[in-house]
Amino acid sequence: EEKARVGAQERAVGMAEQLLEKEKEISNLQAMISSGEAFKKKKPARDKVSQNDKTLKLQNKMRDIETEMQKVENKLAEKEEECRIKARKIAELLFKLQVEEDSNLRIGDQIIDLREQLKRKEEET
């Protein structure tokens, strides 16, 4: 279970890194679109259609990246939930183990007490 938890955490970290990369790409695209950097040169009227196409392509790419980012966020949330569930199960198992160990200690103490009582009775007789 520990290996599974560590593996899930590593996958979650990888997804978080992908998410950051996608966010950076979106920021760069938004900056390019808002500043008009990609289209600064004056072009003839027929090239305006080309600029519009480029803008649409950039916007579509941005939407695609946002969609991918959402998928990564969803997977990350799913993995985080899996980790929380596994951690909860591990905690429950540790608690049960502690209860059993305590019970075994009490039984051991009772056995020792019974042996002492038996020894005393044998000595009395």
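Every value quoted in this text rests on a predicted model; they were computed, and no experiment measured them.
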Could you go step by step and tell me if Q59 and T55 meet the side chain to side chain contact (heavy atoms under 4.5 Å, CB included) rule?
-> CA-CA 6 Å; Q59 289 172 341; T55 302; 3.8 Å; yes
Walk me through it: do V72 and K22 pass the test side chain to side chain contact (heavy atoms under 4.5 Å, CB included)?
-> CA-CA 9 Å; V72 170; K22 296 298 180 185; 5.6 Å; no
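Interatomic distance, E80 CD to Q9 CD, rounded to the nearest 0.5 Å: 10.0 Å. Distance NZ/K57 to CG/D64: 13.0 Å, rounded to 0.5 Å. A distance of 10.5 Å separates CG of D53 from CG of N60, quoted to the nearest 0.5 Å. Summarising the geometry, atom CD1 belonging to I65 is positioned 11.5 Å from atom CD belonging to E23; distances are rounded to the nearest 0.5 Å. Summarising the geometry, atom CZ belonging to R11 is positioned 10.5 Å from atom CD belonging to E78; distances are rounded to the nearest 0.5 Å.
Residues A8 and K79 approach most closely at O-CB, 4.3 Å, considering heavy atoms.
Checking each of Q70, K71, K75 against E73 for a side-chain contact (heavy atoms from CB on, under 4.5 Å) leaves exactly one that passes, namely Q70.
Screening residues 99-124 for side chain to side chain donor-acceptor pair (under 3.5 Å) gives Q98-D102 as the qualifying pairs, with residues at least two apart or on separate chains. Pairs passing the side chain to side chain donor-acceptor pair (under 3.5 Å) check and including a residue from residues 81-96, sequence neighbours excluded, read E81-R84.
By the salt bridge (charged side-chain N to carboxylate O under 4.0 Å, His left out) test, E10 pairs with no residue at all, sequence neighbours left out.
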